[in-house]
Amino acid sequence: NLCSAHEPLFGFGPDVLFKGGFDPHMSFHLNKYDFENEISCGYGITPKWTVAPELSILTKAGKSKLEGYMIESNYRFMKIDKPGISYKASFVTAFSIPLENKEEKNLLCAFTAGQESLRWYWFTHFGFEKNLSENLWNEGNAFTYGATLGIRPHKPDYYKPDFVFLLEAIGNLHQEFTEEETNIKISSGNTI
């Protein structure tokens with residue numbers, strides 16, 4: 001997605017695929033102790049609606065296992081095109097299901113909007129993530145939000161690749177964790 005991005009790389013954007021279009025995507029997360037690989041493939045069901053299933057594979061100590069799966073949906077309900085500029089808005093939903101009961105199940109519902117032009121880009125999103133797990137230690141829900149500002153420094157040439165530089169800020173406002181119906185005060189807060 002880095003080379004053909006029309007939206008934020010880390011947040012949500014209102015772009016959808018054309019009907020029948022495919023968008024395979026792979027991401028890697030590496031830290032000191034493990035390696036996580038996420039594989040997804042978006043499919044354009046209609047010109048306004050894209051669905052993307054995703055698998056998450058975790059490798060620890062040389063052993064790989066399937067961690068869980070997620071299905072994401074992006075429905076664009078508004079698109080206004082004018083000469084040199086395009087405005088879009090969509091609803092995003094995502095449902096993640098882990099394969100182990102101790103991991104959390106989440107449902108995300110978000111709104112995203114943005115503008116692409118020959119010079120300036122902007123995107124914003126906000127939504128709510130609901131934890132559907134029924135664990136002894138129950139993580140609180142979260143409000144998610146983000147804003148992206150982009151600029152294309154040079155006039156684009158239709159037949160050549162061009163650069164758009166994006167500055168993104170993404171955050172989550174967490175509710176408190178609960179353990180046996182007792183709030184854990186230090187668990188809430190804002191992460192940007």
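Applying the salt bridge (charged side-chain N to carboxylate O under 4.0 Å, His left out) rule to pairs touching residues 149-163 yields R152-D162, sequence neighbours excluded.
Residues P98 and K105 come closest through the heavy atom pair CD-CG, 3.5 Å. For A113 against W122, the heavy-atom pair with the smallest separation is O-CZ3, 3.8 Å. Considering all non-hydrogen atoms of both residues, A89 and R76 come closest at O-CG, 3.2 Å. Contact between N74 and S90 at its shortest, heavy atoms only, is OD1-OG, 2.7 Å.
To the nearest 0.5 angstrom, L58 atom CG is 6.0 Å from E36 atom CD. Atoms CG and CG, on L66 and L55 in that order, are 5.5 Å from each other to the nearest 0.5 Å. To the nearest 0.5 angstrom, N172 atom CG is 11.5 Å from N141 atom CG. We find the NZ-OH distance between K79 and Y87 to be 14.0 Å, quoted to the nearest 0.5 Å. To the nearest 0.5 Å, the span separating CD1 on I71 from OG on S96 amounts to 12.0 Å. Going from atom CD of Q115 over to atom NZ of K82 covers 10.5 Å, rounded to the nearest 0.5 Å.
Taking the side chain as every heavy atom from C-beta outward, P53 and Y69 never approach each other to under 4.5 Å. Proximity of L166 to P8: side-chain heavy atoms (C-beta onward) are nowhere separated by under 4.5 Å. Contact annotation: the side chain of N37 never approaches that of T59 to less than 4.5 Å [non-hydrogen atoms, C-beta and beyond]. When side chains are defined from C-beta on, I151 counts as touching R119, because their heavy atoms get closer than 4.5 Å.
Cluster annotation: M78 and F91 are assigned to the same hydrophobic cluster (Ile/Leu/Val/Met/Phe/Trp/Tyr, side-chain heavy-atom contacts under 4.5 Å, transitive). Linking ILVMFWY residues whenever their side-chain heavy atoms come closer than 4.5 Å, directly or via other members, leaves I192 and L167 in distinct clusters.
Taking Ile, Leu, Val, Met, Phe, Trp and Tyr as hydrophobic and joining them when side-chain heavy atoms fall under 4.5 Å apart, one finds F128 in a cluster with F143, L173. Hydrophobic cluster of V92: the remaining members, joined at side-chain heavy-atom separations below 4.5 Å, are F12, L108, listed by chain and number.
S86 is linked by a side chain to side chain donor-acceptor pair (under 3.5 Å) to D81, counting only residues two or more places apart in sequence or in another chain. Qualifying ring-ring contact (aromatic ring centres under 6.0 Å, His included) partners for F35, counting only residues two or more places apart in sequence or in other chains: F28.
Of the possible polar contacts, none joining the E129 side chain to the N106 backbone as a donor-acceptor pair under 3.5 Å is found. For N131 (side chain) and A142 (main-chain N/O), no donor-acceptor pair under 3.5 Å exists by modelled atom type. With hydrogens and angles disregarded, a donor-acceptor distance shorter than 3.5 Å links the side chain of E168 to the backbone of F10. The main-chain N or O of T124 is found under 3.5 Å from a side-chain atom of T112 such that the two form a donor-acceptor pair.
Note on ring orientation: taking the six-membered ring where Trp is involved, the planes of F123 and Y121 are tilted (angle from 30° to 60°).
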Between side-chain atoms of residues 41-51 and protein atoms elsewhere (two or more places apart, or another chain), which donor-acceptor pairs fall under 3.5 Å?
from: T46; atom 1: OG1; to: K48; atom 2: N; distance (Å): 3.2
from: T46; atom 1: OG1; to: W49; atom 2: N; distance (Å): 3.1
from: W49; atom 1: NE1; to: S73; atom 2: OG; distance (Å): 2.7
from: T50; atom 1: OG1; to: L17; atom 2: N; distance (Å): 2.8

